[in-house]
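Working notes for the structure below.
Letters A, B, ... mirror the listed sequences (proteins, then strands); counts begin at 1. Predicted model, so just to flag it, every value in this text is computed and none were measured.
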There are 2 protein chains.
Amino acid sequence: MRAGEIVSVKVTFKEISEICGVSLGTVDRAINNRPGIHPETRARILEVAKQLGYRPHLLARSLATGSTMTIGVVVPNLTNSFFSELAEVIQKGARRAGYYVYLMLSEYDSVEEMESLERLRSLNVDGIIMTSVNRGRSFDAYLTSLATPVVSVSNRISKRRAWVGIDDYSATRDAMRFVLSKGYERIIFVTENRGPGKVSNLYCDERRIRGYKDALQASALDAPPTVVSDDAMLAMLDSGGALDGKRTCIACSCDEVALNILNALRTRGIAVPAEVGLTGFDNLDQLEYVVPRLTTVAYPMERIGEEAFKSVLDEINGRAGGSRTLEHLIVEGETV
Amino acid sequence: MRAGEIVSVKVTFKEISEICGVSLGTVDRAINNRPGIHPETRARILEVAKQLGYRPHLLARSLATGSTMTIGVVVPNLTNSFFSELAEVIQKGARRAGYYVYLMLSEYDSVEEMESLERLRSLNVDGIIMTSVNRGRSFDAYLTSLATPVVSVSNRISKRRAWVGIDDYSATRDAMRFVLSKGYERIIFVTENRGPGKVSNLYCDERRIRGYKDALQASALDAPPTVVSDDAMLAMLDSGGALDGKRTCIACSCDEVALNILNALRTRGIAVPAEVGLTGFDNLDQLEYVVPRLTTVAYPMERIGEEAFKSVLDEINGRAGGSRTLEHLIVEGETV
DNA sequence: TTGTACGCGTTATCAA
DNA sequence: TTGATAACGCGTACAA
């Protein structure tokens with residue numbers, strides 16, 4: 001074995017201390033750059049540690065210190081790029097601050113989400129950022145019982161819990177007003193059907209639906225608000241119920257749904273926006289590649305990630321995390 | 001405090017043992033369902049544990065057992081949905097087997113990738129799956145020094161290391177043959193320029209380039225193989241150098257690049273495939289929303305994730321992980 | 001069936 | 001400047 005060669009044997013403070021003829025405490029002082037050690041001793045120990053390929057045992061360290069420098073991130077999936085963008089942004093921010101990320105997926109399943117939280121808690125993560133599919137007082141109490149800072153993104157869990165997102169209500173209302181200003185006589189609101197056993201009554205869905213309804217009711221339109229699932233919307237298109245003469249716009253609760261509807265419309269030979277209007281929500285990166293450009297609601301994803309991380313970090317350090325509502329913007333595409 | 005109420009105080013074997021008037025060993029037998037304990041004792045202990053809201057301390061457990069039931073996943077980013085799809089698939093597979101995922105991003109930076117690996121090693125993950133941006137014998141030796149199973153996906157690291165992917169060479173050659181069969185007289189191959197400081201000579205890029213070159217050289221075409229970066233390709237489009245009369249196809253090393261080129265062509269009013277052909281590689285889910293349908297190379301992402309996980313799992317359990325080459329398929333879209 | 005004692009690798013406190 | 005020792009929470013081998 002040559003000097004400097006990387007070795008695969010597990011080397012701990014113990015081996016180093018024996019070789020150097022010092023105590024564990026001194027090895028610790030050298031490795032972790034603590035004061036109260038002779039420079040020469042430190043140099044000698046560090047040299048040996050390097051030769052042996054010493055690697056700190058983070059589990060042992062965390063057990064001793066109580067801190068893991070890790071935050072948990074729980075999102076429904078990575079398929080919807082809203083979540084993968086969010087996860088990536090949080091990852092980068094965390095890393096800059098010396099933190100790392102444990103990623104868990106809930107699949108829009110409330111039980112899986114709870115299991116994820118249990119595990120993160122058992123792993124002693126320092127904090128958790130989640131787009132929660134659970135919510136309400138009892139869930140909030142449960143989170144509190146974790147004795148770990150938890151901040152939510154997008155889906156508000158309760159009034160008292162730190163939350164970062166946009167004003168979904170106003171954003172949707174603004175979008176609907178924009179649609180109405182274009183002379184549409186009817187707007188159908190489409191939400192995502194996530195399948196059996198999956199959570200459907202998400203906070204941000206509700207806020208968006210309310211924004212839609214209020215915008216409609218405040219308008220001169222006589223057509224009542226209509227909220228349907230994406231499945232139902234497709235069925236309506238097939239039955240011809242969607243286009244009954246009135247100038248109609250299909251407003252989707254998120255881009256993901258809007259893209260699917262756009263495909264369905266294309267398949268059926270229905271022109272957008274000539275025959276029917278379409279709007280989304282999120283302004284996903286992938287919209288860049290979709291023609292026609294979707295009219296949607298944009299907001300700064302990077303800042304959401306940053307603020308969410310800042311918020312957990314505050315709570316980790318004993319300060320109040322606090323909620324932040326970020327600004328939104330209507331992206332005037334070509335589908336309305 | 002009511003019975004059954006969730007409590008936030010940290011509760012360990014010690015508290016439970018004191019309350020129940022038994023030893024730590026007995027608490028362990030009850031909690032971890034070990035034999036050699038009186039059913040009544042067990043029931044009593046479990047009841048108390050439940051009341052107190054006991055949660056296992058996974059760090060302590062891992063320190064004692066040496067196993068974390070966690071695998072590390074290192075990918076460049078989550079923006080390219082190839083990676084987010086992969087991460088999600090691995091996540092699900094791991095979870096089904098009782099494993100969890102620690103996610104790290106390398107940003108196509110070889111140093112960041114090494115740091116990620118160091119951390120995963122220090123966290124004592126049981127295994128690692130990565131789309132490596134480093135490679136070669138010395139890197140392979142470094143991985144071996146981690147004393148942790150590492151299998152690579154897509155980018156092969158060395159001949160001896162377990163790897164899961166497709167035959168990039170044949171896949172690209174097949175795609176090029178398909179393009180040639182459509183009467184194209186020239187094919188330009190475009191790779192991704194990941195920016196300064198980022199890795200560019202990836203294994204799969206190289207394999208695809210070779211497949212491209214060999215297909216061209218085996219053809220009747222007199223035009224020499226031309227490999228350029230996406231930046232350079234855009235410049236060529238502006239200078240008009242790309243379309244000089246010959247029937248040309250732009251073959252991209254991945255869908256991500258192809259989509260960007262497609263946008264560029266659209267912006268410049270160049271019709272696809274009428275004026276120029278275009279192919280991608282990966283068959284990303286998001287292609288579903290892009291018109292015209294991109295001609296590309298498809299492969300089963302779920303199976304790649306499954307096989308990769310199966311391979312690490314094998315190595316974790318002391319068996320040889322082994323490499324697997326999965327099948328690919330040319331997706332005949334509308335861009336050639 | 002139950003209890004004891006040691007080890008996992010590190011940090012932290014107190015003496016020396 | 002250094003060393004010894006007790007945590008941290010749990011697993012495990014052995015003894016009772």
(Q) Can you confirm if the NZ or CZ of B:R119 lies within 45° of the ring axis of A:Y100 and under 6.0 Å from the centre of its six-membered ring? (A) yes
Indicate yes or no: does [X] engage [Y] in a salt bridge with an N to O separation below 4.0 Å.
X	Y	result
B:R44	B:E40	no
A:R161	A:E315	no
B:D126	B:R121	no
A:E47	A:K50	no
B:E107	B:K198	no

Under 3.5 Å, is there a donor on one side chain and an acceptor on the other for [X] and [Y]?
X	Y	answer
B:Y99	B:Q91	no
B:T12	B:R55	no
A:T79	B:E85	no

Open item on the list: For a quick test of reading the model: is some side-chain N or O of A:T26 closer than 4.0 Å to OP1 or OP2 of D:dT1?
Closed with: no
Practice item. Could you check whether the rings of B:Y102 and A:Y102 sit parallel, tilted or perpendicular, using 30° and 60° as the cut-offs? Key: perpendicular
Expected rows: protein N/O vs nucleotides 10-12 of chain D N/O, under 3.5 Å:
from, atom 1, to, atom 2, distance (Å)
D:dC10, OP1, B:Y54, OH, 2.4
D:dC10, OP1, B:H57, N, 3.3
D:dC10, OP2, B:F13, N, 2.9
D:dG11, OP1, B:N32, ND2, 3.4
D:dG11, OP1, B:R61, NE, 2.8
D:dG11, OP2, B:D28, OD1, 2.8
D:dG11, OP2, B:N32, ND2, 2.7

Separation of D:dG9 atom C1' from B:K10 atom NZ, nearest Å, is 11 Å
Contacted region of DNA chain C by chain B, from 5' end to 3' end of the hits, cut-off under 4.0 Å to heavy atoms, spans C:dT1 to C:dG9
As a check of understanding: the bend across the helix from C:dT1-D:dA16 to C:dA16-D:dT1, end axes from five pairs, rounded to 10 degrees, works out to 50°
Using a cut-off of 4.0 Å on non-hydrogen atoms, how would the nucleic acid contact of A:T41 be classed: base, sugar-phosphate, or nothing?
sugar-phosphate
Taking for B:V22 and for B:L63 the nucleotide of DNA chain C with the nearest heavy atom, the one nearer the 5' end belongs to B:V22
